[in-house]
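Heads up: the structure comes next, in structure tokens.
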Amino acid sequence: MRRIVTVSLTALLLGSAASAQVCDPLVESMQIAAQTAPEVSVAEARVQRAEADLVEARSLRRPQLSTFGRSGVGDTGLTSNQFDNQLGLRLSQRVFDFGDARFAIDSAEYQRQRLVFDQASAEAQAAYALGSAYLAAQEARGRMTVIAERREYYARQLAAVEALLARGGATRAERAQIAAQLAEADAVMLELRSQEQRAGARVEAYLGRPAGLCGDEQTAAALADRLDDLQTADQALDAVMQGNPRMDATRSNIRSLEAQRERERRSRLPVVDVVGISSYTYDDAREDWDYRDRIGVDVSVPILTGNALGARADRAEAVLEEEEYTLRQLQRDLREQGSVVFRRLLSLRAQQVQREAVASSQREYFEAISGEFEFGLGTLPDLVEARLDYERAMLDLVAVEFELKRQQLDLMLLTSRLP
């Protein structure tokens with residue numbers, strides 16, 4: 001049974017190493033995710049829809065040409081009536097509308113800008129999701145490296161204890177204790193491998209192809225390069241407040257709603273069109289067809305709408321106020337998140353130095369206990385405990401290193417520095 005587990009774990013580790021031979025750097029992988037994610041395609045389609053709305057709004061200032069046909073019968077005098085059949089073209093041009101067309105165009109333009117910022121936000125979210133999965137897979141691999149060292153150590157110890165047991169130099173209890181630690185390492189290794197596979201599957205889903213992870217040092221350098229200029233909390237907060245696409249999208253939406261509000265406020269004012277009609281008309285009195293041309297001015301003024309215009313104006317005002325409050329809430333949340341993330345980064349950098357010192361001290365202690373045990377001056381429980389303390393220190397160091405990288409990724413998302 002031990003041999004079967006050993007072979008399977010070796011295969012797992014070899015599979016992990018094989019997948020690492022082809023290296024997909026973090027930055028390039030995030031760029032691919034930002035370009036190919038379906039969420040980004042949805043955002044692009046919304047931008048196209050907004051561009052169509054903008055073209056429609058601009059058409060209010062352009063000539064409108066339509067064809068018409070009419071047929072009817074009615075009075076033409078006190079004692080007679082006649083049929084009226086008419087076929088022709090109608091050309092109209094808006095000449096004055098108290099800013100209705102201008103505000104419609106402004107509203108559509110700002111809506112288009114909002115959706116462009118939403119697309120940038122969708123790209124950032126896709127890159128962030130891939131980056132999170134990438135770091136999760138790397139962290140699992142880093143923990144596997146630590147556990148693999150434990151497993152290799154206890155495998156050597158088990159072989160040595162079994163040799164001593166055959167000569168009476170060790171006890172069955174000591175052998176069982178070493179075997180238990182080796183089995184524990186096997187179980188942890190299998191769980192970490194499962195975590196790596198889950199995170200790797202997510203990376204492959206975003207890339208659309210099999211992926212290989214690069215080294216931790218390369219990833220750390222790529223993350224640090226994009227945050228080199230943020231040395232103080234004030235610099236980080238300024239970058240968060242100025243470059244976040246969610247805030248830009250909300251500002252654009254507010255401008256759009258302001259234009260819509262002004263348009264609703266002016267909806268009671270006249271709209272003046274110049275209209276020209278050219279038609280071919282049947283004259284019932286002469287029983288003949290003839291051309292008729294007309295040109296004139298159409299003035300449209302709403303008089304009684306059941307307070308529908310007032311309701312639309314009130315609704316536009318309420319929606320604008322709601323979006324303004326949303327912007328204030330977003331500013332507060334982003335300022336808080338930026339401050340927390342940056343201070344967390346500083347704390348983790350200090351913790352990383354301390355964890356490295358702890359791991360170094362634990363290694364020295366373990367080597368000292370190991371030397372004493374070889375000369376018969378220490379006990380096996382002391383050796384096992386020292387080894388476990390050293391491994392816990394190494395695992396804590398790995399956890400701090402990757403938590404630091406995750407916080408860097410969070411700050412890149414807040415400051416729009418994701419690739």
Side-chain angles (χ1 to χ4, degrees), residues 19-20 22-35 120-121 123-146 195-196 199-200 202-203 206-207 211-246 334-360 393-419:
S19 63
V22 180
C23 175
D24 291 299
L26 176 62
V27 172
E28 286 76 359
S29 299
M30 287 193 289
Q31 289 174 339
I32 295 174
Q35 294 169 0
S121 181
E123 293 172 352
Q125 289 293 337
Y128 178 81
L130 183 137
S132 297
Y134 197 100
L135 293 180
Q138 280 192 330
E139 182 177 9
R141 182 170 295 179
R143 290 175 178 271
M144 287 170 62
T145 301
V146 176
Q195 294 177 10
E196 183 198 23
R202 186 170 178 82
V203 172
Y206 273 90
L207 292 181
L213 306 182
C214 295
D216 298 347
E217 296 79 7
Q218 183 176 351
T219 300
L223 293 173
D225 287 344
R226 293 179 173 269
L227 299 172
D228 282 343
D229 59 325
L230 302 181
Q231 301 298 325
T232 65
D234 290 338
Q235 291 175 342
L237 288 179
D238 289 341
V240 170
M241 302 306 291
Q242 294 176 5
N244 194 280
R246 293 167 54 197
L334 288 177
R335 188 177 292 108
E336 177 185 357
Q337 292 173 17
S339 178
V340 169
V341 168
F342 187 80
R343 296 180 188 279
R344 178 68 172 156
L345 273 176
L346 298 180
S347 174
L348 287 169
R349 286 169 181 164
Q351 289 183 46
Q352 184 178 17
V353 175
Q354 296 300 322
R355 289 296 179 185
E356 289 174 350
V358 171
S360 177
M394 290 299 298
L395 291 175
D396 290 340
L397 177 59
V398 172
V400 169
E401 289 176 346
F402 280 94
E403 180 62 21
L404 175 62
K405 293 175 184 177
R406 277 190 288 269
Q407 292 299 313
Q408 290 175 324
L409 194 66
D410 288 343
L411 188 58
M412 288 167 60
L413 175 64
L414 291 173
T415 56
S416 300
R417 300 187 178 206
L418 289 171

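We number each residue from 1, following the sequence as shown. None of the values given here were measured: they were computed from a predicted structure.
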Intermediate values then yes/no, side-chain contact (heavy atoms from CB on, under 4.5 Å), V398 and M394:
CA-CA 6 Å; V398 172; M394 290 299 298; 5.7 Å; no
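- Annotation: salt bridge (charged side-chain N to carboxylate O under 4.0 Å, His left out) contacts of D228 (sequence neighbours excluded): none.
- Taking the side-chain hydrogen bond (donor to acceptor under 3.5 Å, both in side chains) definition, one finds that Q138 meets it with T219, sequence neighbours left out.
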Going by atom type alone, with no hydrogens or angles, which donor-acceptor pairs under 3.5 Å involve a side-chain atom of residues 411-419 and a protein atom two or more places apart or on another chain?
{"unit_1": "T415", "atom_1": "OG1", "unit_2": "L411", "atom_2": "O", "d": "2.7"}
{"unit_1": "S416", "atom_1": "OG", "unit_2": "G243", "atom_2": "O", "d": "2.3"}
{"unit_1": "R417", "atom_1": "NH1", "unit_2": "R226", "atom_2": "O", "d": "3.2"}
{"unit_1": "R417", "atom_1": "NH1", "unit_2": "D229", "atom_2": "OD1", "d": "2.4"}
{"unit_1": "R417", "atom_1": "NH1", "unit_2": "D229", "atom_2": "OD2", "d": "3.2"}
{"unit_1": "R417", "atom_1": "NH2", "unit_2": "D229", "atom_2": "OD2", "d": "3.0"}

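- Remark: R355 pairs with D396 by the salt bridge (charged side-chain N to carboxylate O under 4.0 Å, His left out) rule, at least two apart or across chains.
- Residues passing the side-chain contact (heavy atoms from CB on, under 4.5 Å) test with A220, sequence neighbours excluded: K405.
- In this structure, the separation between CG on L334 and CG on N244 is 4.5 Å, given to the nearest 0.5 Å.
- A side-chain N or O of E403 and one of Q407 form a donor-acceptor pair less than 3.5 Å apart.
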Using atom types as modelled, flag every donor-acceptor pair under 3.5 Å from a side chain in residues 124-137 to any protein atom, sequence neighbours excluded.
{"unit_1": "Y128", "atom_1": "OH", "unit_2": "D410", "atom_2": "OD1", "d": "2.4"}
{"unit_1": "S132", "atom_1": "OG", "unit_2": "Y128", "atom_2": "O", "d": "3.0"}
{"unit_1": "Y134", "atom_1": "OH", "unit_2": "D24", "atom_2": "O", "d": "2.7"}
{"unit_1": "Y134", "atom_1": "OH", "unit_2": "C214", "atom_2": "N", "d": "2.8"}

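- Every residue two or more places apart in sequence or in another chain that forms a side-chain hydrogen bond (donor to acceptor under 3.5 Å, both in side chains) with Q351 is listed here: S347.
- Checked against side-chain contact (heavy atoms from CB on, under 4.5 Å), Q242 has the following partners two or more places apart in sequence or in another chain: D238.
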Give the C-alpha distance, both sets of side-chain angles, the deciding distance and a yes or no for side-chain contact (heavy atoms from CB on, under 4.5 Å) between R349 and V353.
CA-CA 7 Å; R349 286 169 181 164; V353 175; over 6 Å; no
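- Contacts of R343 classified as side-chain hydrogen bond (donor to acceptor under 3.5 Å, both in side chains), with partners at least two apart in sequence or in another chain: S339.
- Interatomic distance, Q352 CD to E401 CD, rounded to the nearest 0.5 Å: 5.0 Å.
- Summarising the geometry of A393 relative to A359, their closest heavy-atom pair is CB-CA, 3.8 Å, with the distance given to 0.1 Å.
- Under the salt bridge (charged side-chain N to carboxylate O under 4.0 Å, His left out) criterion, E139 pairs with R143, R406, not counting sequence neighbours.
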Residues Q408, V341; criterion side-chain contact (heavy atoms from CB on, under 4.5 Å); working and verdict
CA-CA 8 Å; Q408 290 175 324; V341 168; over 6 Å; no
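- When all heavy atoms of V203 and A211 are compared, the pair lying nearest together is CG1-CB, 3.9 Å.
- Side-chain contact between L237 and F342 is absent, with no heavy atoms from C-beta onward closer than 4.5 Å.
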